[in-house]
Amino acid sequence: MTRFLKKAGYEVDAVANGSDALDRMTSRYYPMLVTDWEMPEMDGVALCKAVRNMQLDGYVYALLLTARDSKEHIIAGLEAGADDYLIKPVHEAELIARLNAGRRILDLEHSLRVANHRNRILSITDALTGAYNRRYLMEQLPRELERCRRYAYPLSVLMCDIDHFKQINDERGHAAGDDVLQQFAARAQKSIRTNSDWVARYGGEEFLIVLPETTYAGAMHVAEKLRELISASAFHTRSGDAPVTASFGVAATSPSGPDIMLKVEAMIRCADECLYRSKQEGRDRASGHEIVVSPALMTG
Ligand code: GH3
Ligand code: MG
């Protein structure tokens with residue numbers, strides 16, 4: 001069988017029984033499985049069932065080989081998760097033809113998977129800036145909050161708003177405004193930890209940066225770093241260089257994590273209030289608040 005398959009251009013790993021096959025399939029993804037039905041310990045049907053219950057990187061096309069050709073027998077095999085079967089003795093050309101048919105299914109499944117992945121990325125990304133969009137933010141931030149609560153880690157959010165952005169649009173045009181938004185997102189991306197922190201576009205020219213496992217002091221430091229990076233050099237737009245500043249509002253939980261009552265909405269509101277304070281106090285600055293007791297508890 002290995003010889004047949006290799007001759008037809010397949011890469012083959014041959015194993016002696018069902019549980020060895022299962023072991024191999026857990027350690028890497030095999031798109032195709034050709035298995036005998038009748039085997040000691042784990043037979044081919046049990047193997048197919050087990051494979052269907054595994055979380056794998058792609059679909060596994062399973063072909064069962066059997067010596068019995070009764071209808072009930074074959075139906076049971078297909079119902080257990082086999083895609084096709086062959087009655088032994090195996091005819092070389094037929095085996096290859098059936099596997100090639102299986103490959104067409106695998107190719108389709110692969111393109112579907114790629115398309116789904118691309119759609120998922122599109123559905124959570126802001127098209128202009130490449131930052132996450134608000135939908136993703138409202139989906140993911142409650143999870144971050146929950147995770148920080150479970151592990152008793154702090155969580156901070158940083159609300160950013162470009163100063164006098166309307167003026168940039170008015171003086172240089174909307175397209176130049178778009179250039180500024182793109183570069184703002186790029187600079188924000190540059191000033192955070194790539195593996196845990198993330199940036200979402202909250203509204204028109206407002207961005208929210210999520211900083212897991214970051215205390216109030218840490219978040220204020222990030223805000224200050226980004227504030228400096230924004231004002232340090234002009235933004236290049238299609239209508240020339242534009243000096244830009246931004247204001248920031250930080251909301252942080254206590255170092256031991258969010259309390260039981262704290263909600264995402266309250267945290268965002270708190271960051272927004274701090275941002276408002278930064279605007280009031282003259283813009284191009286950061287203000288923050290550490291939420292020691294959640295607002296719900298304070299009013300309760
Ligand atoms: P402040 O310093 O108080 O934040 O003033 P501001 O002018 O930045 O704030 P305001 O909220 O008055 O104006 C925000 C502007 O952002 C108005 C809106 O036209 C513009 N805007 C929102 N979304 C986009 C976008 O996708 N592209 C561009 N170019 N402009 C946008
Ligand atoms: Mg603004």
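First listed ligand is number 1; within each ligand, the first listed atom is number 1. No experiment lies behind these values; they were computed from the predicted model shown.
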Identify whether the distance between the nearest side-chain nitrogen and carboxylate oxygen of [X] and [Y] falls below 4.0 Å.
{"X": "Glu109", "Y": "Arg113", "answer": "yes"}
{"X": "Arg120", "Y": "Glu139", "answer": "yes"}
{"X": "Glu92", "Y": "Lys7", "answer": "yes"}
{"X": "Arg28", "Y": "Asp57", "answer": "no"}

To which protein heavy atom is [atom] closest, and what is the distance rounded to 0.1 Å?
{"atom": "atom 12 (O) of ligand 1", "result": "Lys166 CD, 3.9 Å"}
{"atom": "atom 23 (N) of ligand 1", "result": "Gly204 CA, 3.2 Å"}
{"atom": "atom 30 (N) of ligand 1", "result": "Asn169 ND2, 2.8 Å"}
{"atom": "atom 5 (O) of ligand 1", "result": "His164 N, 3.5 Å"}
{"atom": "atom 9 (O) of ligand 1", "result": "Glu205 OE1, 3.9 Å"}
{"atom": "atom 6 (P) of ligand 1", "result": "Phe165 N, 3.4 Å"}

Query raised in the report: Okay, side chain of Asn133, backbone of Ser123: is any donor-acceptor separation there less than 3.5 Å?
Result: yes

Per-atom contacts of ligand 1 with [X], taking only distances under 4.0 Å to non-hydrogen atoms:
{"X": "Gly177", "answer": "29 (N)"}
{"X": "Arg283", "answer": "1 (P), 2 (O), 3 (O)"}
{"X": "Asp161", "answer": "4 (O)"}

Requested in this report: Show your reasoning for whether side chain to side chain contact (heavy atoms under 4.5 Å, CB included) applies to Phe207 and Leu181.
Outcome: CA-CA 10 Å; Phe207 293 85; Leu181 289 173; 4.1 Å; yes

Query raised in the report: For atom 4 (O) of ligand 1, which of Arg201, Lys279, His174 has the closest heavy atom?
Result: Lys279

Confirm or rule out an N/O/S atom of [X], from backbone or side chain, lying less than 2.8 Å from the Mg ion (ligand 2).
{"X": "Ala246", "value": "no"}
{"X": "Asp163", "value": "no"}
{"X": "Glu205", "value": "yes"}

**Report entry** Side chain, backbone, both or neither: Glu206 near ligand 1, heavy atoms under 4.0 Å
**Finding:** neither

Query raised in the report: ligand 1 versus Asp178, non-hydrogen atoms closer than 4.0 Å: side chain, backbone, both, neither?
Result: both

Query raised in the report: Which single N/O/S atom of Asp161 lies at minimum distance from the Mg ion (ligand 2)?
Result: OD1

Query raised in the report: Does Ile162 reach ligand 1 with a nitrogen or oxygen that is under 3.5 Å from one of the ligand's nitrogen or oxygen atoms?
Result: yes

Query - Side-chain donor-acceptor contact under 3.5 Å, Arg277 with Gln280 - result: no

Report task. Quick one: do Leu145 and Leu155 satisfy side chain to side chain contact (heavy atoms under 4.5 Å, CB included)? Show the steps, please. Result -> CA-CA 7 Å; Leu145 190 70; Leu155 173 73; 3.5 Å; yes

Query raised in the report: Does some side-chain heavy atom of Cys274 sit less than 4.5 Å from a side-chain heavy atom of Val250?
Result: no

Query raised in the report: Aromatic rings Phe184 and Phe248: how do their planes relate, parallel, tilted or perpendicular, breaks at 30° and 60°?
Result: parallel

Query raised in the report: So His73 and Trp37, would you call those rings parallel, tilted or perpendicular, with 30° and 60° as cut-offs?
Result: parallel

Requested in this report: Indicate whether atom 2 (O) of ligand 1 is within a distance of less than 4.0 angstrom of some protein heavy atom.
Outcome: yes

